[in-house]
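What you see is a predicted model; the values in this text were computed from it and never measured. Residue numbers begin at 1 in each chain, while the letters A, B, ... track the order of the sequences.
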Protein chains: 2
Amino acid sequence: MPSRLIVSREVADLLKLLAHPDRLRMIEELRLGEKDVTGIADALTLPATRVSQHLAQLRAHRLVDERRAGRSHFYRLSQPQLAGWILDALPFVDVRNRLDEGEHIDSVRALWSAQDPNTSH
Amino acid sequence: MPSRLIVSREVADLLKLLAHPDRLRMIEELRLGEKDVTGIADALTLPATRVSQHLAQLRAHRLVDERRAGRSHFYRLSQPQLAGWILDALPFVDVRNRLDEGEHIDSVRALWSAQDPNTSH
DNA sequence: CCCATATCTGCAAAGGTTCGCAGATTTGAA
DNA sequence: TTCAAATCTGCGAACCTTTGCAGATATGGG
């Protein structure tokens, strides 16, 4: 009965995919709707090549959908609730860090979970 | 305003820590209460050394608490809700795999989210 | 004290990830 | 067609993770 083995591998793959600061910021950046590669790169102050490489990974795992319009490729979260689920991880962030940087966490939760008119959950 | 940078790094560290099939299974194994190293190793059919190494990582990030009794070291989740939060990730597992292995996911959710008060199985 | 059990730590090989850079591709405009 | 903008892909160096194994440490019993 290898169900648990298989599923734990799949969940681990998902978490590995998410476990990069740039990709997390990109996902939260897409929370409110679609954005093109340079839009994301500018918003996060990252080289567009790197953003494109990260998007390729998210695409390969079907976490984002692509829409091409002219020269731009617009991306959106295929399951927007993902962004909220990630925010729910904040309480589990190492307690030592929370003591030192609790304000950061609180302000980021406020910034990131600021309510969107679009996506329903 | 480096809050988002800092927090995205911390969340990424947490996800990286969780992003291993053995560690995920260990966390779900501890969902119902404490267990010692050989108990976990036997339950998951893993070498005890490896379980110990994984526990060292979880310990370093304060995800588990340790209680020593005689020769045994009992571990428990410091924040048991973590196990439930991980199960909430199942809907985000790659859709291609879900189509092939949806039964696995469903049965594992049933197994892992069972609320039974008895620890043994 | 000596031994077995339970667990931890250090190490090195194998394997995976990240990142910038160079070059390829696609598209729209002149 | 030729060019420039936007994006993608391939590659290699640097870096990080995983894993088994050997040896260290701690505990309880005889």
For [N], does OP1 or OP2 lie under 4.0 Å from any side-chain N or O of [X]?
| X | N | result |
| --- | --- | --- |
| B/Arg50 | D/dT17 | no |
| A/Ser52 | D/dT9 | no |
| B/Thr38 | C/dT7 | yes |
| A/His20 | C/dT17 | no |
| B/Tyr75 | C/dA6 | no |
| B/Arg68 | C/dA6 | no |

State whether the side chain of [X] and the backbone N or O of [Y] hold a donor-acceptor pair below 3.5 Å, judged by distance alone.
| X | Y | answer |
| --- | --- | --- |
| A/His61 | A/Leu63 | no |
| A/Trp85 | B/Trp85 | yes |
| A/Glu28 | B/Ser8 | no |
| B/Arg23 | B/Leu17 | yes |
| B/Gln79 | A/Pro91 | yes |

Over how many whole Å does the gap from [X] atom [atom1] to [N] atom [atom2] extend?
| X | N | atom1 | atom2 | answer |
| --- | --- | --- | --- | --- |
| B/Gln53 | C/dG10 | CD | P | 11 Å |
| B/His73 | D/dA26 | NE2 | C1' | 7 Å |
| A/Glu66 | C/dT27 | CD | P | 11 Å |
| A/Leu58 | D/dT7 | CG | C1' | 16 Å |
| A/Leu55 | C/dT18 | CG | P | 14 Å |
| A/Leu46 | C/dC19 | CG | C1' | 12 Å |
| A/Asp13 | C/dG16 | CG | P | 12 Å |
| A/Leu18 | C/dT17 | CG | P | 14 Å |

[X] has a side chain; which of [options] sits nearest to it?
| X | options | result |
| --- | --- | --- |
| A/Asp22 | C/dC19, D/dA6, D/dC21 | C/dC19 |
| B/Asp36 | C/dG20, C/dT7, D/dT9 | C/dT7 |
| A/Ser72 | D/dA6, D/dT9, C/dT9 | D/dA6 |
| B/Lys16 | D/dT17, C/dT9, C/dT7 | D/dT17 |
| B/Arg71 | C/dT5, C/dG20, D/dT7 | C/dT5 |
| A/Val37 | C/dG20, D/dT19, D/dC8 | D/dC8 |

Nearest heavy-atom neighbours spanning A/Ser78 and A/Asp65: CB-OD2, 3.5 Å
Residue mapping more 5' on DNA chain C - nearest nucleotide basis, A/Arg23 or B/Val51: B/Val51
